[in-house]
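All residue numbers in this chain count up from 1 along the given sequence. Computed from a predicted structure; not experimentally measured. As a basis for the values below, the full set of heavy atoms in this structure was taken, side chains included, without hydrogen atoms, waters or symmetry mates.
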Amino acid sequence: MSSTSLHIVIAGAGPAAQALVRRLAGRTDNRQQPFAGTITVLSNRDDCPDALLELAELPQVSVRFGQAASFIDAGAKTVTTVDGMEFTYDQLVIATGSAPALPPVEGADAVLNYSTIDDAASIGEAVKDVTRSVGRRPLGILVGNGPAAGQAEAVLRARGVRPVRTTLRPTAVISDSAGAGQTQPAAGIVFEDGSSMKGDLVVLAEERTARNDLAESAGLQTAFDGGIAVGRDLATSVPGIWAIGDAASCDGLRLGLLLSAESSAMLCASGMLLGLAGSGIPTAMAA
């Protein structure tokens, strides 16, 4: 098999998938030689975000927009999309992420969300804006229970926010009318009985469910929390198939709560390329 025929398929196009493509394509600062074969990214999005368009311009990368992966034949090493397109692979990466376990709270578009470690940066920037606006240490309302909420609380405290945490789910989120004319996060929540909590910002850190339909089609082992079970190298129970980002579970925790998208990409790329090199297949361009 020639090096240029080697093909990696990535099912999913979120932050972890994008980070993996950049690393495989040698677009990071780690001096890794670019992957010599081709990479196909199957995105469930019909729109074309700038980050994906930039990746699609790379010579060895093909991004298929609106072509979500729907079935894996692990024996034949093929992936079929929702529209019936079939792609063969030498290595397959599942990066389909997770979905909220509960329906969205009314007004949730105005709140900050914490679902993975990568959300800490955006929350930090929002906290800076709120702190400048209120002129004091902000009061944050944190909604959630479980590991994600625990991490979110630590993030808020580290950034100078006084978090007040509730495990009771609100029925709606309310905005601060005093912030008229300014872009501010929502500042309060309302419960079913009409009671409310008010602060300077609201963070939702509710539980999420891994999208593991692809794992089931391929017969992959899943964890007790529903995520795709992976080892420390992010390999699944089926050789040649890997899982990164919030679709995966390692040591009983969603991978998105353990590793950033960049860290997941680094581990996955290293494992894949090391395994391919061990099989005698060239994986890097000539320097």
Side-chain angles (χ1 to χ4, degrees), residues 8-24 28 35 39-45 52 68-74 77 79 81 87 89-101 113-121 144 146-152 205-276:
I8 293 175
V9 173
I10 303 175
Q18 293 173 28
L20 179 58
V21 174
R22 287 194 298 269
R23 185 163 292 272
L24 290 172
T28 60
F35 170 65
I39 304 166
T40 297
V41 180
L42 302 177
S43 173
N44 65 344
R45 303 180 60 164
L52 280 180
S70 63
F71 182 80
I72 297 169
D73 185 333
K77 286 196 168 185
V79 182
T81 70
F87 298 87
Y89 66 84
D90 295 292
Q91 299 285 303
L92 171 65
V93 182
I94 301 176
T96 47
S98 64
N113 286 278
Y114 189 95
S115 60
T116 71
I117 286 177
D118 292 301
D119 293 323
Q151 283 191 3
E206 299 187 298
E207 288 306 298
R208 298 179 67 87
T209 303
R211 295 188 174 99
N212 62 6
D213 292 347
L214 278 178
E216 294 175 357
S217 74
L220 302 183
Q221 181 180 345
T222 55
F224 72 89
D225 60 359
I228 303 168
V230 297
R232 296 296 180 92
D233 58 356
L234 309 191
T236 70
S237 57
V238 174
I241 302 180
W242 312 73
I244 63 175
D246 235 19
S249 179
C250 184
D251 293 337
L253 199 62
R254 280 193 293 116
L255 195 63
L257 296 175
L258 290 172
L259 295 173
S260 67
E262 293 293 339
S263 296
S264 289
M266 178 184 68
L267 280 176
C268 186
S270 297
M272 277 197 300
L273 298 183
L274 185 63
L276 291 170

For this session: Output the distance between atom SG (Cys268) and atom CD1 (Ile8), rounded to the nearest 0.5 Å.
Result: 8.0 Å
Problem set entry | Qualifying residues under side chain to side chain contact (heavy atoms under 4.5 Å, CB included), relative to Leu267, sequence neighbours excluded | Leu234, Leu259
Exercise. With sequence neighbours left out, which residue pairs that include part of residues 233-244 fulfil the salt bridge (charged side-chain N to carboxylate O under 4.0 Å, His left out) condition?
Worked result: none
For this session: Decide side chain to side chain contact (heavy atoms under 4.5 Å, CB included) for Ile94 and Asn212; before the verdict, give the C-alpha distance in whole Å, the side-chain angles of both, and the deciding distance to 0.1 Å.
Result: CA-CA 9 Å; Ile94 301 176; Asn212 62 6; over 6 Å; no
Seminar exercise, completed: All heavy atoms of Leu42 vs all of Ala69, minimum pair found to be CD1-CB, 4.0 Å
Seminar exercise, completed: For Ala17 and Ile244 the tightest heavy-atom approach is N-CD1, 4.2 Å
For this session: Enter the distance from Thr81:OG1 to Phe87:CZ here, rounded to the nearest 0.5 Å.
Result: 6.0 Å
Exercise. Which pair of heavy atoms, one from Ala265 and one from Ala16, lies closest together, and at what distance?
Worked result: CB-O, 4.4 Å
Seminar exercise, completed: Correct closest heavy-atom pair for Ala68 and Asn44 would be CB-CB, 3.4 Å
For this session: Heavy atoms only: give me the nearest Gly227-Ala210 pair and the separation to one decimal.
Result: CA-CB, 3.6 Å
For this session: Identify the heavy atoms of Ile117 and Tyr114 that sit nearest to each other, and give their distance.
Result: CA-OH, 3.6 Å
Problem set entry | Pairing residues for Ser70 by the side chain to side chain donor-acceptor pair (under 3.5 Å) criterion, not counting sequence neighbours | none
Exercise. Short question: side chain of Gln151, backbone of Leu257 - any donor-acceptor pair under 3.5 Å?
Worked result: yes
For this session: Would you sort out whether Thr40 and Tyr89 count as a side chain to side chain contact (heavy atoms under 4.5 Å, CB included), showing the intermediate values?
Result: CA-CA 9 Å; Thr40 297; Tyr89 66 84; over 6 Å; no
Seminar exercise, completed: One should read off an interatomic distance between Leu20 CG and Glu262 CD, to the nearest 0.5 angstrom, of 10.0 Å
Exercise. Can Trp242 and Ile10 be said to form a side chain to side chain contact (heavy atoms under 4.5 Å, CB included), step by step?
Worked result: CA-CA 9 Å; Trp242 312 73; Ile10 303 175; over 6 Å; no
Problem set entry | side chain to side chain donor-acceptor pair (under 3.5 Å) against Ser98, all qualifying residues, sequence neighbours excluded | Arg208, Asp246
Exercise. Who pairs with Gln18 by side chain to side chain donor-acceptor pair (under 3.5 Å), at least two apart in sequence or on another chain?
Worked result: none
Problem set entry | Contacts of Glu207 that satisfy salt bridge (charged side-chain N to carboxylate O under 4.0 Å, His left out) - sequence neighbours left out | none
Which atom pairs, one a donor and one an acceptor, fall under 3.5 Å between side chains of residues 215-224 and the rest of the protein, sequence neighbours left out?
unit_1	atom_1	unit_2	atom_2	d
Ser217	OG	Ile72	N	3.1
Ser217	OG	Leu214	O	2.8

Seminar exercise, completed: Taken to the nearest 0.5 Å, the spacing of Ile228 CD1 from Cys250 SG works out to 13.0 Å
Exercise. Ignoring hydrogens and geometry, is there a side-chain-to-backbone donor-acceptor pair from Thr236 to Ala243 under 3.5 Å?
Worked result: no
Problem set entry | Thr116: partners by side chain to side chain donor-acceptor pair (under 3.5 Å), with sequence neighbours left out | none
For this session: List in chain and number order the residues that pass side chain to side chain contact (heavy atoms under 4.5 Å, CB included) with Thr209, two or more places apart in sequence or in another chain; answer none if no residue qualifies.
Result: Ala101
